[in-house]
Amino acid sequence: MAKFHALTVTAIDKTTRDAVVVTLAADPADQAHFDFRHGQYLTFRRAFGGQELRRSYSICSAPGDGPMQVGIKRVDGGAFSGFANTELRVGDRLEAMAPAGSFTTEIAPEMARNYLCFAAGSGITPILSIMRTVLAREPQSTVTLVYANRSMNTIMFREEVEDLKNRHMGRMTVIHILGRDAQDIDLFTGRITAEKCAALFRYWIDLPRMDLSLICGPEPLREVITDALLSAGMARENIRYELFAAGQQGRLPRDRARLAEVGGAQAARLTLTLDGATRVISMAPGQTLLEAALENAIDVPYACTAGVCSTCRCRVISGEVEMAANHALEDYEVRQGFALSCQSRPLTAEIEVEYDH
Ligand SMILES: Cc1cc2nc3c(=O)[nH]c(=O)nc-3n(C[C@H](O)[C@H](O)[C@H](O)COP(=O)(O)OP(=O)(O)OC[C@H]3O[C@@H](n4cnc5c(N)ncnc54)[C@H](O)[C@@H]3O)c2cc1C
Ligand code: FES
């Protein structure tokens, strides 16, 4: 079951004009639910105008190192991020699911690895958690961060990144790329493009020495950086990424008529196993697995409903589905039969899925 637990807000710090860092504490009985891996996120739920919204925020602190924190950047007109930046108060309770997500790394203290991280804007949050963890727990590894922002005063966690660099002198390199503010080195100003990446790899970053690349930012930027890394010789399996949004629907109600038009016009019988209980339900043409489950009051997990976060991951045991978008599952997971239920529509009349994996 998609279980939510209350967290208490113990501090709110404004890091830039448009972002807050929210410190959260679990109740003693819920502590175990909130053990997390570096790079994972929390999904919160809250009602806005009588409608429940779920929004995910990456944990920016490192496991076992101080309290759990998330950094929330205000999006223009955004419901949850606006609320967090203006109305949320110390002492408030927020409902959150246990940490989730697979944007993380294996930690091996004896290894000497070189990590190349790219973050844009609020995309720094999971990267910060990963960098903090790697630098603390792999004493021979190094981290290079390429951090893209509009201007100096919009940089989230600027001081924390500097502190980290100073604490791990010689093991961390930071390159700030600023869209608007001119810098001493021309290469560090403007948008990140294929040419800029190529120049960075030529003059500033010794790519053949890098073992793993981690990217968090908007999708077009992720594509540019991934292509540049591949062209410069990095193997695809050494590139990992997290997206925060890809055409996320915001609060717009779904247009059922349009939904029926876009593929998956197949009605189907869905057998669904969750928490050891199996139910058989009918799916209307055009419905996703998630929509069918929710319509039948089955409390399956979900968050973004945009194919981005993977909270709704299920395994297809029999039958076939088609995903409209997949920004979260790796190819090998798809080969193993995993699917995002918020994006999956049936291609066969009988589908069997399970969430207990
Ligand atoms: C795995 C993951 C991790 C994430 N981590 C972070 C993080 O660490 N930090 C962070 O800041 N963000 C993070 N995000 C993004 C975050 O989840 C939200 O998507 C973001 O904060 C915007 O949510 P919101 O409710 O404020 O905006 P929404 O209300 O969803 O609005 C989004 C946009 O849609 C527009 N909109 C809203 N309603 C309507 C409407 N009715 N009609 C037309 N347009 C509308 C808004 O103006 C806005 O531009 C993460 C996302 C994912 C998937
Ligand atoms: S709910 Fe986020 S990918 Fe389906």
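Both ligands and their constituent atoms are indexed starting at 1 by order of listing. In this chain, numbering begins with 1 at the start of the sequence shown.
Proximity to T125 (heavy-atom distance under 4.0 Å) selects the following atoms of ligand 1: 7 (C), 8 (O). Residue contact check: D76 has heavy atoms under 4.0 Å from atoms 46 (C), 47 (O), 48 (C), 49 (O) of ligand 1. Annotation for ligand 1: atoms under 4.0 Å from non-hydrogen atoms of E242 are 1 (C). For ligand 1, the atoms lying closer than 4.0 Å to a non-hydrogen atom of Y41 are 1 (C). Contact atoms of ligand 1 toward V308: 53 (C) (distance under 4.0 Å to a heavy atom of the residue). Listed by atom number, the atoms of ligand 2 under 4.0 Å from V308 heavy atoms are 3 (S). Residue-ligand proximity, G77 to ligand 1, at heavy-atom distances under 4.0 Å covers atoms 46 (C), 47 (O). Less than 4.0 angstrom separates some heavy atom of G307 from each of these atoms of ligand 2: 3 (S). Near T305, meaning under 4.0 Å from one of its heavy atoms, ligand 2 places the atoms 1 (S), 2 (Fe). Close approach of ligand 2 to S310 is summarised as follows: ligand atoms under 4.0 Å from at least one heavy atom of the residue are 2 (Fe), 3 (S). Applying the 4.0 Å criterion to heavy atoms of V75 picks out, from ligand 1, the atoms 22 (C), 48 (C), 49 (O). In the vicinity of C342, heavy-atom distances shorter than 4.0 Å reach the ligand 2 atoms 1 (S), 3 (S), 4 (Fe).
Crowding of R113 atom CZ: a count of heavy atoms from other residues, nucleotides or ligands under 6.0 Å exceeding 12. For D206, the CG atom counts as densely surrounded, since its 6.0 Å shell holds more than 12 non-hydrogen atoms of other residues, nucleotides or ligands. Environment of CG in D186: sparse, with no more than 12 heavy atoms of neighbouring residues, nucleotides or ligands closer than 6.0 Å.
With a 4.0 Å heavy-atom cut-off, ligand 2 is reached by no atom of L290. Under 4.0 angstrom from ligand 2, the non-hydrogen atoms of A303 all belong to its backbone.
Every N/O-N/O distance between L53 and ligand 1 stays at or above 3.5 Å.
Between L272 and Y355 there is a side-chain heavy-atom pair separated by less than 4.5 Å. Between D211 and N238, every side-chain heavy-atom pair lies at or beyond the 4.5 Å cut-off.
Put simply, C312 gets within reach of atom 4 (Fe) of ligand 2, with an N, O or S atom under 2.8 Å from it. Residue C309 does not count as close to atom 4 (Fe) of ligand 2, with no N, O or S atom under 2.8 Å.
The closest non-hydrogen atom to atom 27 (O) of ligand 1, taken over G78, S310, G101, A84, comes from G78. Among G121, A303, P126, A79, the residue whose heavy atom sits closest to atom 28 (P) of ligand 1 is A79.
With hydrogens and angles left out, the side-chain atoms of E242 and Y41 include no donor and acceptor closer than 3.5 Å. A donor-acceptor contact closer than 3.5 angstrom is absent between the side chains of R345 and T288. With hydrogens and angles left out, the side-chain atoms of E219 and H327 include a donor and acceptor closer than 3.5 Å.
In this pair, Y57 and F44 present their aromatic rings tilted. The plane angle is within the 30 to 60° band.
In this structure, R46 fails the cation-pi test against F80, since its NZ or CZ atom is not both closer than 6.0 Å to the six-membered ring centre and inside 45 degrees of the ring normal.
Between the SG atom in C117 and the CD1 atom in I124 there is a gap of 8.0 Å [rounded to 0.5 Å].
In this structure, the side chain of T15 does not engage the main chain of F157 through any donor-acceptor pair within 3.5 Å.
Residue G71 places a heavy atom less than 4.0 Å from ligand 1. Under a 4.0 Å heavy-atom criterion, I72 is in contact with ligand 1.
Between R93 and E95, none of the side-chain N atoms (NZ, or NE/NH1/NH2) sits under 4.0 Å from a carboxylate O, so this pair counts as no salt bridge.
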